[in-house]
*Asks:* 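Provided herewith is a single structure, encoded as structure tokens, for subsequent inquiry.
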Amino acid sequence: MSATLLVGRDTQVDQLDRQLERALHGQAVTCFITGEPGAGKTSLAMEFARRAQVQTPQLLVASGICDAYTGVGDAYLPFREVLLQLTGDVERSLATGRTTREGASRLEGFTRFAGRALVDNGPDLLELFVPGGALLTRLGGKAAKNLPWAQKLQQRLYGAAEQPSPRMLQQENVFEQFTQVLQAMSLERPLLLLLDDLHWADGASIGLLFHLSRRLVKSPLMILGTYRSEEVVRPLDGRQHPLQGVVAELTRLHGDVLLDLDKLRARTFIDALVDARPNSLDERFRDSLARHTAGNPLFAVELLRSLEASGALIESSAGRVEQVAAVEWQSLPSRVVGVIESRVTRLTAAQKDVLAAASVQGEEFVADVVAEALRIDRREVIHELSGPMQKELRLVTAIGLQDVPGGRLARYRFRHNLVQDYLYRQLDEIERAELHGATGMALERIHAADPATVAVSLALHFTAAGDWARAIRYRLLAAESAARTFAHDQAVEHFEQVIVLEATHRRFVGAVMDVATVQESLGDELLMLRRWTAAQASFRASLDLVAENRVAPARLLRKLARVEERQSHYVEAAGHLQSAEAALREPDTDAPSAWWHEWIDIQIALSFVHYWQGDLPGMTTVDTRLDPVFEAWGTHIQCSQVHAARARSGLRQTGYRPDDATIASAERAVATLEDHPDEFLLAEIVFLLGFTQLWADRFTEAGESLERSLRISRRVGDLAHQLRSLVYHCVVQRRVGDVARVERLNEDARELMRQLGSDEYLPVVQAQDAWLAWCRGDRPGARALLDESLPMSSERVSRFPFQWLLLWVKLAMDTVDGNLSGATEAAASMLKPPLCRQREDVEAQLRRIAAADSGGDPAEVRRELDRALEVARAAGYL
């Protein structure tokens, strides 16, 4: 009896149609289909996508599937597949049936626009998500020569320019670039993204999914994920599955985003399934079928097929399905495992060996690897898989051929992961270890030219096989690959596994890695994750192992200083940097470049710490030491940072009233990097220039610089510098009196703070809110904001020389309210901090208020306060 898993799903398809309609009107949607294995989640998603493409000719559908075998270790796997398809790589998805021929044609036609969107908005996703060379190949030689963005890509891939420093790259940068790429694509064509088996997704993918759901709210985009409810409810390594929190948060924000197939009535589905063909099957039969399958679509379909194969059900001459023999329900498999068993028992011994070897690869597998693991002929394996196992027993299905250096791989998949799971469980411990080892060796040989593409799989296979040396080697390669994609959680997990494997099996494998280097790399990743204590422990562990070196201990001490500086522990940071300098001792004549590069980095870090401490003599001392050497020995980046340090020093020395020399240092810092490809650092340096110009009252130039910094930060996905640029661009607009723009920019800044989970710039944002309330005439609102913000501003005065943002509003309100003591107190506060000087005319007026106040004449105090308000308005403070 033929049947479809989609019978009885019209209501669910209608629900998804309504969600898609919202997305097509520019309201991005993220929703999920959940249910037990075999509930028809994937089938429902695929059928919905097929119908949606028929109804909406402009719609593009791309899909990604998470892997049960590599699981949380394979960073961004479903999103890599999505981006590959959107840039025209559709062969695999077409072969697996996840893309229709029409859908593939649409995606191929979108390649040029998608490539441009990727290069312009997500340059660092190239190679990490989409191989640039393969993208150029899909374009063809002529297109690559004629398209400006393709030429830019060629230059990036094959040009001789110095490569950018990874210093500023973080996972949030990847998230933001991916967001901007999808946003650009969706504005050209509406998108439907299918993410299958999210219960197996890695942490980076789940984080990216949540980021997209929060950021892409005004785009014609729908994300539809599927996952097994039982897997998400079950704790993962003793912790809540990360997807559970994401679904809960999106439900809180957007209402019902979940379509739970487990909650559908079993009998309702069974009736729809049975009635898909004319039949005379009675209520008793239907009740029994519902009871023995619990309404699970996969189980129900398989049981009906088995009844038809046994002859209990036949199709009459009138074309109706009839029951012609008694059904012994208790003797029939009541779960799909019974169906699988009934098919496996029909296999020959050789066929069982083939499927057993395939099962250790996961739901998808490569016939070539099976053949090599079993040491049998490839053609024999393909004959068995594409023949009886696919056509008669329906255990596997062919995916297609995959090109690799030196040949083509024949790829298959089990028709259901329950089939793979059943076969794998039949293996005993020794059989599993042997097959994992043989599979790992086969994969290693086949992918010898680029083992990083299968590093996670190789690490898992060799770990299961007990081949500890290879397990360590490939786990380390997986860690390095994750670090390159800024999947810091996955990198940490892999590095930690490497350290455990080495420590546990050292006597079996010997010295297979540099433990000090691994500990340092682990510390770098933990630092990115702001896990300060763990990062310190890793750097210290590495430091204990490199005592005989000179540059390495200094570098590790500098990194320990970075951990302290990031936590505003400036005394401790300075102590580590002094120790780092002591560790370097005199210049190294054998490797002078490495020695000087590290020495310069230490000085730059010291200058930054002195800046936050307000230590002007310290900054001057550092600059004096750097002056004779940095241009001779420093890199482009280091030279730019030295000029930036001089600009920051000038800001402190002039009380944030920068002179020409300070502005010139900031300009030179930018000029040094103009032809350098490190846009992350360029965003930081351009921001510093705009910040300096703001303090010099050069508002037009400041606005242009901060706009540029904002554009670069958005392009490279640096949220931290987006926030800085927005905050101070907002200050510029306040100084020129553009109320509407201040309101818009301040709200953008507040949203970015929410995304970053940071309140670093909250005093400035709240001060702008108070000013906006004052401008609107909302004096109660302004007063409430003042009361909330002034204590925080006072606490952070050393880092935020912007007391005037709040204090001028306080002075104005107290003056209007007749609270002269409050107003004069605000005026006095603006004269107190040595950190920031006022404009000369403003400072003179503030001093006149202080003089009038000391004279004890309230009328004179009121007159000077009124004049102060006029001066403040003219200067753009009010």
Side-chain angles (χ1 to χ4, degrees), residues 67-74 200 337 340-341 343-390 393 395-399 402 404 407 409-448 451 453-475 477-478 497 501 505 508-509:
D67 191 281
Y69 189 67
T70 57
V72 298
D74 202 349
W200 287 321
V337 67
I340 297 171
E341 286 175 344
R343 293 178 182 178
V344 170
T345 56
R346 294 157 60 186
L347 296 172
T348 65
Q351 289 171 333
K352 288 179 181 178
D353 288 342
V354 167
L355 286 184
S359 73
V360 303
Q361 293 185 53
E363 190 175 350
E364 290 190 10
F365 60 93
V366 177
D368 309 67
V369 175
V370 172
E372 194 163 327
L374 296 176
R375 299 180 182 178
I376 59 178
D377 187 74
R378 174 180 185 268
R379 289 172 296 180
E380 180 182 338
V381 172
I382 291 174
H383 172 76
E384 293 290 355
L385 291 169
S386 291
M389 295 187 201
Q390 178 175 234
L393 299 175
L395 292 170
V396 301
T397 185
I399 293 177
Q402 176 189 355
V404 296
L409 303 180
R411 301 189 66 87
Y412 292 81
R413 70 179 297 154
F414 289 97
R415 290 188 66 87
H416 197 279
N417 57 344
L418 293 176
V419 176
Q420 179 268 334
D421 182 68
Y422 170 82
L423 291 164
Y424 187 74
R425 290 176 183 275
Q426 303 310 301
L427 301 171
D428 63 32
E429 182 180 359
I430 297 173
E431 289 175 312
R432 288 183 187 179
E434 288 296 312
L435 283 174
H436 276 295
T439 298
M441 297 295 287
L443 280 171
E444 184 181 55
R445 186 196 64 77
I446 290 170
H447 294 277
T453 59
V454 291
V456 176
S457 293
L458 285 168
L460 293 170
H461 284 304
F462 287 126
T463 299
D467 188 339
W468 308 120
R470 282 188 170 89
I472 289 170
R473 181 190 312 160
Y474 291 113
R475 180 71 76 168
L477 183 57
Q497 285 294 321
L501 284 171
H505 304 291
F508 299 112
V509 300

*Asks:* Output the distance between atom CZ (Arg432) and atom NE2 (His461), rounded to the nearest 0.5 Å.
*Replies:* 13.5 Å
*Asks:* Is there side-chain contact between His447 and Leu409, with at least one heavy-atom pair below 4.5 Å?
*Replies:*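 Yes. Closest side-chain heavy atoms under 4.5 Å.
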*Asks:* Do side-chain atoms of Thr439 reach the backbone of His436 as a donor and acceptor pair under 3.5 angstrom?
*Replies:* no
*Asks:* Do the ring planes of Phe462 and Tyr474 sit parallel (below 30°), tilted (30 to 60°) or perpendicular (above 60°)?
*Replies:*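 Judged by the thresholds at 30° and 60°, the geometry between Phe462 and Tyr474 is parallel.
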*Asks:* For the residue pair Val354 and Met389, establish whether any side-chain heavy-atom pair is separated by less than 4.5 Å.
*Replies:*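 Contact flag for Val354/Met389 side chains = yes.
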*Asks:* Sequence neighbours excluded and cut-off under 3.5 Å, please list the side-chain donor-acceptor pairs for residues 380-387, or say none.
*Replies:*
unit_1: Glu384; atom_1: OE1; unit_2: Gln351; atom_2: NE2; d: 2.7
unit_1: Ser386; atom_1: OG; unit_2: Tyr412; atom_2: OH; d: 2.6

*Asks:* Heavy atoms, side chains only, cut-off 4.5 Å: are Phe414 and Leu355 in contact?
*Replies:*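 A side-chain contact under 4.5 Å exists here.
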*Asks:* Minimum heavy-atom separation for Val344 and Lys352, please, with both atom names.
*Replies:*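 Between these two residues, the closest heavy atoms are O-CE, 3.4 Å.
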*Asks:* Show your reasoning for whether side chain to side chain contact (heavy atoms under 4.5 Å, CB included) applies to Arg470 and Met441.
*Replies:* CA-CA 10 Å; Arg470 282 188 170 89; Met441 297 295 287; 3.6 Å; yes
*Asks:* Is the count of non-hydrogen atoms from other residues, nucleotides or ligands lying under 6.0 Å from Glu434 atom CD greater than 12?
*Replies:*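 Atom CD in Glu434 is not crowded, with 12 or fewer foreign heavy atoms closer than 6.0 Å.
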*Asks:* Can you name the nearest heavy-atom pair linking Gln420 to Gly362, along with the distance?
*Replies:*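 Shortest heavy-atom separation between Gln420 and Gly362 comes out as CG-O, 3.5 Å.
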*Asks:* Taking only residues at least two apart or on different chains, which pairs with a member in residues 365-374 satisfy salt bridge (Lys or Arg N to Asp or Glu O under 4.0 Å)?
*Replies:*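 Found Asp368-Arg378, Glu372-Arg445.
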*Asks:* Does the side chain of Val360 reach to within under 4.5 Å of the side chain of Leu427, using non-hydrogen atoms?
*Replies:* yes
*Asks:* To the nearest 0.5 Å, tell me how far Asp467 CG sits from His505 NE2.
*Replies:* 11.0 Å
*Asks:* Does the side chain of Leu458 come within less than 4.5 Å of Arg473's, by heavy atoms?
*Replies:* no
*Asks:* Return the minimal non-hydrogen interatomic distance between Gln361 and Val370, and the atom names on each side.
*Replies:* NE2-CG2, 3.4 Å
*Asks:* Has Glu364 got a side-chain atom pairing as donor or acceptor with Arg411's backbone, closer than 3.5 angstrom?
*Replies:*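 Not confirmed, Glu364 side chain does not pair with Arg411 backbone.
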*Asks:* Please find the pair of heavy atoms, one from Ala455 and one from Ala478, that lie closest to each other, and give the distance.
*Replies:* CB-N, 3.8 Å
*Asks:* CH2/Trp468 to CZ/Arg475 distance, rounded to the nearest 0.5 angstrom?
*Replies:* 11.0 Å
*Asks:* To the nearest 0.5 angstrom, please state how far the CD1 atom of Ile446 sits from the CD atom of Glu444.
*Replies:* 11.0 Å
*Asks:* Taking all non-hydrogen atoms of both residues, which atom of Ala465 and which atom of Ala433 are closest, and how far apart?
*Replies:* CB-O, 3.5 Å
*Asks:* For Thr453, check side-chain hydrogen bond (donor to acceptor under 3.5 Å, both in side chains) against everything at least two apart and list the hits.
*Replies:*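 In terms of side-chain hydrogen bond (donor to acceptor under 3.5 Å, both in side chains), with neighbours along the sequence ignored, Thr453 is linked to no residue.
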*Asks:* Taking side chain as C-beta onward, heavy atoms only, is Leu374 less than 4.5 Å from Leu435?
*Replies:*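 A side-chain contact exists here, since the closest heavy-atom pair is under 4.5 Å.
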